[in-house]
Each structure stands twice: as C-alpha cells, then as structure tokens.
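One structure is given below, encoded as structure tokens.
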Amino acid sequence: MLEEYINEENTKLLMIAALYLILFTIEHYTPYFKNRQQHLPHSLRNLALAGINVLLSTLCFIVIIKHVCDWTWENQLGVLNQINLPPVYSLLLAIVLIDLWQYIWHRLNHEVAFLWKFHQVHHADKDMDASTGLRFHPIEIIYSNIIRISIIPLLGIQLDHLLVYEVLLLPIILFHHSNIKLYERLDKILRLITVTPHMHRLHHSDIQSETDSNYASVFSIWDRLFKSYTMRPIEQAFNLGLGSRYSEKKWNRLYGMLTIPFSNKRN
Ligand SMILES: [Zn+2]
C-alpha cells in the first residue's frame with residue numbers, strides 16, 4: 001500500500017508538472033498583469049522553494065500520514081467512520097470536510113500572528129503566478145502537516161480520501177494562482193463553484209481587507225457562508241503583495257524567502 005501511495009505521489013507530481021507547463025505558456029502569452037518581472041527567473045525561484053517542500057513532505061510525512069490513516073481505519077475513529085456511509089458518499093463527504101478544514105486553517109494563518117509570520121512568504125510575491133501556488137515557507141509546510149495528521153483521526157479520513165482531495169486541490173491551486181486573464185463572465189460562472197484566478201487574486205491584493213478575504217481553496221462556498229467573500233470588477237486595477245514590505249528583490253530570492261519570517265519588518 002505504501003508503494004502504491006508513493007506511485008500515486010509520483011503520478012501526482014507528473015500531472016502537476018504538465019499542468020504547470022500549460023499554465024506557464026498561457027500566462028506568458030495572455031497575462032492578466034503585464035508589467036511584471038521576468039517570468040522564468042521569477043518562477044524558478046518559487047519552484048526552488050517548492051522543491052524543498054516536496055522533499056520535506058516526501059521524506060518526513062508520507063509514511064506518518066499512511067500509518068495514521070491505517071490506525072484511524074483499524075480503530076474506526078472519527079466522524080466518517082461513525083456515520084458509516086457507502087464508500088462513494090463517504091469520499092464526497094470527506095472531500096467537503098477536508099476542504100472546510102483547509103478554509104479554517106488558511107483563515108487561522110491570517111488571524112494568528114505566529115502563523116502569519118510564515119504565511120506572509122506566500123503573500124509577499126508581487127508577481128503572483130502559478131508558481132506562487134507552490135511558494136510556502138518549509139516551516140509552514142511542517143506545522144501544516146502536523147496539524148493535518150491530527151485532523152485524520154478526528155474526521156475519520158482514509159488515505160484514498162486524501163489522495164482524491166489532493167488530485168482535485170493541486171490543479172485548482174495552480175489555476176487560481178495563475179496570472180491568466182479569463183473572461184469576466186467565465187470567471188463569474190466558475191466562482192459559483194470553485195475558486196477562480198480573479199477571486200484568489202484579490203486574496204493577494206495589497207489592500208489588507210482584501211488579503212483577509214477569499215480564503216477558500218477548492219469550493220468557493222466557504223467564503224460566502226462565513227462572510228469572507230470579496231469581489232470587484234475584473235478590469236479594476238490593483239496591486240499584489242504586501243505593499244512596500246518585502247518588495248525588494250532580495251526577499252524574493254530563495255535565501256530572502258526563507259528569512260522573511262525572522263526579519264524585523266513589522267507584520
Ligand atoms: Zn493566504
């Protein structure tokens with residue numbers, strides 16, 4: 001089963017790489033923000049950080065997550081095991097519950113000062129594109145995984161649930177971070193269900209009230225339900241990032257990104 005899980009992880013990585021290349025090409029020819037730093041070097045810097053995170057997750061967490069899922073199943077722990085639905089309904093409910101957890105966790109990353117210190121590495125990117133969707137501080141990856149592990153027995157999550165959710169989540173994350181220009185009507189229809197580039201772009205706006213909104217990952221309903229939904233016309237100009245904080249080039253190099261949480265800039 002572990003071998004199967006690692007094979008699934010490899011397939012997932014290949015799928016993500018293929019989708020990333022497609023989005024990179026579209027961003028290159030029809031970008032939403034046109035005046036930006038060079039696309040390829042910017043993306044490579046973010047992908048270097050993503051590479052560290054993939055290594056970290058693979059080496060430290062895959063085996064632990066698999067064992068916790070097995071233990072949860074053997075002991076029939078958590079909500080999903082208690083209500084005992086047919087497998088397909090159990091999977092659908094698991095996807096909804098994991099996505100709700102993602103919403104809550106993302107919101108906490110903005111509301112708890114310690115968590116924000118690390119999460120701002122993701123938000124300091126003034127030239128958001130698909131590569132930004134993979135730009136997280138490794139310490140955020142570590143504690144997010146630890147928290148996620150503790151959620152598995154609470155919700156009764158199985159390994160298959162996590163795999164299917166990630167196969168759904170990762171392409172959507174790349175898509176909604178991408179610097180592609182969608183027709184307003186298409187963006188509007190898509191965001192009835194999921195998080196679109198324009199919806200998530202506002203989450204990366206340099207206006208604080210917009211940064212603290214649109215937290216959803218897969219299903220946009222959470223922001224509407226918990227009153228954190230923000231929208232404005234797609235053509236209205238705005239800036240990305242954290243204003244003047246961390247706007248210098250050095251903060252967007254690998255060493256700079258790793259040291260942002262330990263710098264003395266006011267958060
Ligand atoms: Zn955020």
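Computed from a predicted model, the values in this text were never measured in an experiment. These values consider heavy atoms only, across backbone and side chains, with no hydrogens, waters or symmetry-generated copies. In this chain, numbering begins with 1 at the start of the sequence shown.
The ring pair (Phe, Tyr, Trp, His ring centres under 6.0 Å) check on His203 picks up His106, His110, His123, His200, Tyr215, with sequence neighbours excluded. With sequence neighbours left out, the ring pair (Phe, Tyr, Trp, His ring centres under 6.0 Å) criterion links Phe226 to Tyr103. Under the side chain to side chain donor-acceptor pair (under 3.5 Å) criterion, Arg232 pairs with Glu210, Gln236, sequence neighbours left out. Every residue meeting the ring pair (Phe, Tyr, Trp, His ring centres under 6.0 Å) condition with Phe136, not counting sequence neighbours, appears here in chain and number order: His122. Remark: Trp73 pairs with no residue by the ring pair (Phe, Tyr, Trp, His ring centres under 6.0 Å) rule, at least two apart or across chains. Shown here are the salt bridge (charged side-chain N to carboxylate O under 4.0 Å, His left out) partners of Arg107, two or more places apart in sequence or in another chain: Glu111. Shown here are the salt bridge (charged side-chain N to carboxylate O under 4.0 Å, His left out) partners of Asp187, two or more places apart in sequence or in another chain: Arg191.
The nearest pair of heavy atoms linking Thr132 to His177 is C-CD2, 4.2 Å.
Ile207 and Tyr32 are assigned to two separate hydrophobic clusters, defined by single-linkage of ILVMFWY side chains at heavy-atom distances under 4.5 Å.
Residues Trp105 and Ile147 form a side-chain contact, since some pair of their non-hydrogen atoms from C-beta on lies under 4.5 Å apart. Tyr246 has its side chain out of reach of Val121: every pair of non-hydrogen atoms, C-beta onward, lies at least 4.5 Å apart.
Counting Ile, Leu, Val, Met, Phe, Trp and Tyr side chains that sit under 4.5 Å apart, directly or through other members, Tyr255 stands alone, with no cluster partners. Alongside Val54, the hydrophobic cluster contains Leu13 (criterion: ILVMFWY side chains under 4.5 Å). Taking Ile, Leu, Val, Met, Phe, Trp and Tyr as members and joining any whose side-chain heavy atoms lie under 4.5 Å apart, directly or through other members, the hydrophobic cluster of Leu59 also contains Leu55. Hydrophobic cluster of Trp71: the remaining members, joined at side-chain heavy-atom separations below 4.5 Å, are Leu77, listed by chain and number.
Around CZ of Phe262, the count of heavy atoms belonging to other residues, nucleotides or ligands within 6.0 Å exceeds 12. Atom CD1 of Ile221 has 12 or fewer heavy atoms from other residues, nucleotides or ligands within 6.0 Å.
Checked for salt-bridge contact, Arg148 and Glu166 meet the test: a charged N lies under 4.0 Å from a carboxylate O.
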Just distance, no hydrogens or angles: give the donor-acceptor pairs under 3.5 Å from side chains in residues 17-24, sequence neighbours left out.
| unit_1 | atom_1 | unit_2 | atom_2 | d |
| --- | --- | --- | --- | --- |
| Tyr20 | OH | Ser43 | OG | 3.3 |

